[in-house]
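Notes for the one structure printed next.
Residue numbers run from 1 in the order of the sequence given.
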Amino acid sequence: MRAESPSGRPSVRLRSRTLPLAAALTALTMVVSGCGGQGGDSADGVVELRFSWWGSDERHAMTQEVIELFEEQNPGIKIVGEYTDWASYWDKLATTTAAGDAPDIITQEERYLREYAERGALLDLSQLDGLDLSKIDPLVAESGDLDGATYGVATGVNAYAILADPQAFADAGVDMPDDDTWTWDDYVKIAAEISEKSNGEIVGTQAMGYNETGFAIFARQHGESLYTEDGKLGFSKKTLEKWFQYTVDLLESGAQPGASESVEIEAGGPDQSVLATNKGAMAHFWTNQLGAISASSGREIELLRYPGETEHERTGMYFKPAMYYSISAGTEHPEEAAKFVDFLLNSEEAAAVLLADRGLPANVEVRDSIVDSLPEADKRSAEFLAEIEGTIVDGNPPPPIGAGQVVDIIKRINDDLMFGEITPAEAADRFVKEVEDATGAA
């Protein structure tokens, strides 16, 4: 599965690389039309392309198998894999980009896509022959678009949801919620009831304030957004303060662990979550984490829609591109690179190998072709995504440059809020200021 931070999304420190990367990519705009260092031709006339990705050993093995399938069908093209763990990936990509030697095909993540795109490091995929984007899920088809150009195409989709343990509910003597209609007040009440009726042996829910994705859904439910199309902040302080107030309500009612314990649980990642350790009934995670958390818990964990989906003027849940495929602006072989990306996206053979490793396939027809082959948890995730698809209004634009810092910003603020050092209003003020400073999104 995805080799990212324990919380299920990249834990990055963009500040340390933003300035050198900006300078590197500015310089790259003067290089891409020249003789960049991307894959070239071997002595026997075979085109060589470099393809970069991050991930686990399992992902490396699956990806190499897909590469071999492609090479068998395209003997004139050789794909050279370049892969690292998540922590090393972005430093390496920044360095090779600075040298005009970026890989031909680049795996991207949403928090970095805008930075590479706006500095001219990526090709507009919509202009490439041989790359068919017509079958991409409409809910993520434009997620890699900026200023009318397509700089990334989604590899697959995930959704942020409530994971719930039916056995924990039963042990506490509390009914599972109706996730078609439950509100945020219902969520707090139910979580508190679980903690109370179990005499604290089962906690109602895990702390939810460590991931800005939860607030992004909450803001969308209120007709707002975390970021706008032009990379600005798209929410009101009033809405953010209300979100932080729910964390205070959960703490004061005993519905979630106390501040110190919540810090420890967050540091331990999914394997130490209240669900994985059978100590709680609910937690907020990505759908592609269902399998790992179910395995750790030894129970059949269920997926629930977010609270509040029918409470306000619109729904807030959305499909998130698990990651993106991009093509370097400096590639010497854009046609062959496009052919390989097309194979990754549109080949049922490739999907049969990769399954849900890069999210459930973004190509809706390919997605349907592999559902029966998925492991049980991934199959249930696919069914859940199919159930909520009709309720999703739209997707999100790429985050602004510097959005990687928001991961750490919201963690710090959430800790201070839980320890009672700041109020929800002060937390909202700090979040707005720090995110504006990090991203220039004022």
Just list the side-chain donor-acceptor pairs under 3.5 Å for residues 140-148, sequence neighbours left out, or say none.
{"unit_1": "S143", "atom_1": "OG", "unit_2": "V140", "atom_2": "O", "d": "2.7"}
{"unit_1": "S143", "atom_1": "OG", "unit_2": "Y324", "atom_2": "OH", "d": "3.2"}
{"unit_1": "D145", "atom_1": "OD1", "unit_2": "T150", "atom_2": "OG1", "d": "2.8"}

*Would you give the length of the straight line joining atom CG of D129 to atom CG of D342, rounded to the nearest 0.5 angstrom?*
11.5 Å

*asked:* Can you tell me how the ring of Y112 sits relative to the ring of W90, calling it parallel under 30°, perpendicular over 60° and tilted otherwise?
replied: parallel

*asked:* How close do P321 and A154 get, counting heavy atoms only, and between which atoms?
replied: CB-CB, 3.7 Å

*Where the side chain of S195 meets the backbone of G204, is there a donor-acceptor pair that is under 3.5 Å apart?*
yes

*Hey, could you give me each pair passing salt bridge (charged side-chain N to carboxylate O under 4.0 Å, His left out) that has a residue in residues 237-259? Not counting sequence neighbours.*
K237-D429

*Pick from T63, T155, N288, T107: which one makes a side-chain hydrogen bond (donor to acceptor under 3.5 Å, both in side chains) with R358?*
T63

_Any donor-acceptor N/O pair, W182 side chain to R305 backbone, under 3.5 Å_ = yes

*Over all heavy atoms of both residues, which pair between T277 and D271 is shortest? Give the atoms and the distance, please.*
CG2-O, 3.9 Å

*asked:* If we ignore hydrogens and angles and just use 3.5 Å, is the side chain of E71 paired with the main-chain N or O of I79 as donor and acceptor?
replied: yes

*Mark yes or no for whether Q256, through its side chain, and V203, through its backbone, hold a donor-acceptor pair below 3.5 Å.*
no

*Which atoms form the tightest heavy-atom contact between W54 and Q108, and what is the distance?*
CH2-O, 3.7 Å

_For I190 against P177, the heavy-atom pair lying closest together_ = CD1-CB, 3.7 Å

*Would you name the heavy atoms of L303 and A161 that are closest together and state the gap between them?*
CD2-CB, 4.3 Å

*Please work out whether the ring planes of Y306 and Y160 are parallel, tilted or perpendicular, with thresholds of 30° and 60°.*
tilted

_Spacing of CD belonging to Q272 relative to CD belonging to E266, to within rounding of 0.5 Å_ = 12.0 Å

*asked:* Taking side chain to side chain contact (heavy atoms under 4.5 Å, CB included) as the criterion, tell me which of E311, H312, E313 meets it with Q221.
replied: H312

*Decide if the gap between the ring center of Y187 and the ring center of W184 is smaller than 6.0 angstrom.*
yes

_R220 (side chain) donor-acceptor with D394 (main chain) under 3.5 angstrom_ = yes

_Side-chain donor/acceptor of E224 to backbone N/O of S236, under 3.5 Å_ = yes

*Would a line drawn from the ring center of Y116 to the ring center of Y151 be shorter than 6.0 Å?*
no

*Any side-chain donor-acceptor pair under 3.5 Å between T183 and D186?*
yes

_Atom pair OG (S273) and CG (L163), whose distance is rounded to the nearest 0.5 Å_ = 8.5 Å

*asked:* Test your reading of the model: is there a side-chain donor-acceptor pair from T247 to the backbone of G209, 3.5 Å cut-off?
replied: no

*So which of L385, T391, I217 actually passes side chain to side chain contact (heavy atoms under 4.5 Å, CB included) with M317?*
I217

*Would you find a donor on one side and an acceptor on the other, under 3.5 Å apart, between the side chain of R380 and the backbone of I301?*
yes

*Among all residues two or more places apart in sequence or in another chain, which pass the side chain to side chain donor-acceptor pair (under 3.5 Å) test with W53?*
H60

*Should the heavy atoms of other residues, nucleotides or ligands under 6.0 Å from CD of E421 be counted, would the total exceed 12?*
yes

*Salt-bridged, K433 to D437, with N to O below 4.0 Å?*
yes

*With distance as the sole test, does T439 use its side chain to make a donor-acceptor pair with the main-chain N or O of A403 at under 3.5 Å?*
no

_Taking every non-hydrogen atom, the tightest pair across L131 and L345_ = CD1-CD1, 4.0 Å

*asked:* Between R59 and D357 (side chain of the first, backbone of the second, donor and acceptor by atom type, cut-off under 3.5 Å), is there such a pair?
replied: yes

*Are there more than 12 heavy atoms of other residues, nucleotides or ligands under 6.0 Å from atom CD of Q64?*
yes

